[in-house]
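Have a look at the structure below before the remarks.
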Amino acid sequence: MKGRSGIVQFRRTAIRRTAAGRTRISKRLQNKRQSVTPKTRRNRLKPDAVDLRFMWKAGQLAGSQAKADQTDSAASEKHARVAWHTHAANVAELGNMEAALSAGRAFMQGYAHASGHSFQMVPLPLRQSAAAVVCACNEERTLGQVLLQLKRLPLTDIIVVLNGTTDDSLNQVLQQPGLTLVYEPDRVGHDVGRALGAKMTDAETVLFVDGDMVVSAEQLAPFLFAIDRGQDVALNNLTSLLPPFAGQDEVSRIKAYLNRTLGRADLGSNSMTAVPHALSRRMIQTVKPASLAVPPKAQSLAIQHGLSVSAPSQVDVIRSNRLRPGNTGSGNDVARLIIGDHLEALRTWLETGWNTAQAQTLSRAEVAYRRNAR
């Protein structure tokens with residue numbers, strides 16, 4: 001019994017000590033809470049934090065004006081875009097895309113609450129004009145959805161380049177207002193199509209997508225935002241989707257080799273051959289629109305001219321890429337084309353950065369490669 005009594009006494013002592021400890025901890029937490037006044041909490045906000053309540057109220061005010069003017073849904077959407085961009089231009093804390101989108105959503109929620117109209121737009125506050133170029137060939141199944149997502153973005157123009165189309169893609173584009181159509185009866189390829197599209201707009205930011213890949217407006221927004229905030233080339237960051245170098249295919253390897261040769265090993269295998277990507281007007285004017293027909297060459301020229309090249313976001317286009325007879329299997333037609341383009345980019349770099357003898361050596365290697373590719 002003594003042993004059992006001792007155990008009971010030990011348990012009671014432990015419980016008292018635990019309770020006392022909990023009391024001390026509780027008092028400490030209570031004192032800490034009391035020391036943090038509302039003013040202190042406000043001071044703890046990051047310098048670039050955005051007051052979403054203020055954004056909501058600003059949107060509510062704009063929505064109330066639209067309701068008073070009795071604007072219909074279409075006119076109200078246009079009014080909401082203009083009101084948001086006018087308001088965002090006066091907010092210094094929108095340098096971060098996540099903060100900018102959060103602020104835009106709060107504004108639109110307030111607008112919808114007051115006006116009774118809600119929209120599917122992505123409220124991305126761009127400081128400069130932006131356009132998109134869509135290249136398509138027989139993409140009637142996906143082209144409509146691609147255009148729908150682009151219309152959710154604050155774009156001044158959407159240029160659709162149809163080349164070699166034999167399906168109903170042309171009629172789909174003609175039935176939609178507000179688009180710029182470039183129609184080429186013969187098949188010229190997406191790269192040439194992008195070069196043509198870039199000539200058709202004076203926008204400061206140009207986004208490039210393909211008609212066979214439906215990418216949400218939310219995923220496209222980071223590329224526009226990166227260029228709008230000072231970048232010249234915004235690439236699709238596919239690094240984490242690729243295996244280690246030893247397990248990569250020849251296309252991924254030559255992309256990485258070109259970037260490393262240009263002193264940009266940090267870009268890995270990221271390249272302008274992959275969409276989506278975006279370019280600045282300065283980049284297009286510097287390298288000339290015609291160079292966009294050979295994407296690795298344009299990327300090489302941009303780096304050589306000291307332009308800002310980054311890979312701000314990732315869109316998984318590897319698994320969503322539409323499989324065709326020409327892009328499947330080792331050494332397929334598309335792979336040979338991309339490798340040849342990279343050889344051309346390397347030759348251009350050697351001609352401008354190395355001596356003539358070395359450039360001739362690479363030129364002979366390129367000719368031999370193209371001869372074997374046939």
Rounded to the nearest 0.5 Å, what separates atom [atom1] in [X] from atom [atom2] in [Y]?
X: S300; Y: L346; atom1: OG; atom2: CG; value: 7.5 Å
X: Q70; Y: S115; atom1: CD; atom2: OG; value: 13.0 Å
X: L235; Y: T273; atom1: CG; atom2: OG1; value: 9.0 Å
X: N259; Y: I254; atom1: CG; atom2: CD1; value: 11.0 Å

With sequence neighbours excluded, what pairs up with [X] under the side-chain contact (heavy atoms from CB on, under 4.5 Å) test?
X: L61; value: none
X: R282; value: D232, S280, T286, L307
X: S118; value: A112

Handout entry: Any pair counted as ring-ring contact (aromatic ring centres under 6.0 Å, His included), so long as it reaches residues 52-76, sequence neighbours left out
Key =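 Residue pairs with at least one partner in residues 52-76: F54-H87, W56-H113.
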How close do [X] and [Y] get, heavy atom to heavy atom, and via which atoms?
X: P295; Y: D341; value: CD-OD2, 4.3 Å
X: Q248; Y: P243; value: NE2-O, 3.0 Å
X: F119; Y: A80; value: CE1-CB, 3.7 Å
X: L155; Y: A132; value: CD1-CB, 3.7 Å
X: P123; Y: G104; value: CG-C, 3.4 Å

Quick check: does any side chain N or O of [X] sit under 3.5 Å from a backbone N or O of [Y], one acting as donor and the other as acceptor?
X: D168; Y: N171; result: no
X: T142; Y: G211; result: yes
X: Q149; Y: V214; result: no
X: Q299; Y: M272; result: yes
X: D212; Y: A136; result: no
X: H305; Y: L301; result: yes
X: N163; Y: E184; result: no
X: D191; Y: V294; result: no
X: R264; Y: V309; result: yes

Set of residues satisfying ring-ring contact (aromatic ring centres under 6.0 Å, His included) with respect to [X], sequence neighbours excluded:
X: H342; value: none
X: F223; value: none
X: Y257; value: none
X: F208; value: H277

My understanding is that only residues two or more places apart in sequence, or in another chain, count here; which of them pass side-chain hydrogen bond (donor to acceptor under 3.5 Å, both in side chains) with [X]?
X: T71; value: none
X: E218; value: R152
X: D210; value: R194
X: S216; value: Q219

Practice task
Run through L224, L220, L101 and flag the one making a side chain to side chain contact (heavy atoms under 4.5 Å, CB included) with V122.
Solution key: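 Option passing the side chain to side chain contact (heavy atoms under 4.5 Å, CB included) with V122: L101.
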Problem - Under 3.5 Å side-chain donor-acceptor pair for S169 and E140 - result: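 No - no donor-acceptor pair under 3.5 Å links their side chains.
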Exercise for the section: For the pair S76 and Y111, evaluate side chain to side chain donor-acceptor pair (under 3.5 Å) and give the outcome as yes or no after the intermediate values. Expected result: CA-CA 10 Å; S76 183; Y111 189 99; 3.1 Å; yes
Exercise for the section: Report the C-alpha distance between D157 and T180 in whole Å, list the side-chain angles of each, state the deciding distance to 0.1 Å, and finish with yes or no for side chain to side chain donor-acceptor pair (under 3.5 Å). Expected result: CA-CA 7 Å; D157 196 9; T180 299; 3.0 Å; yes
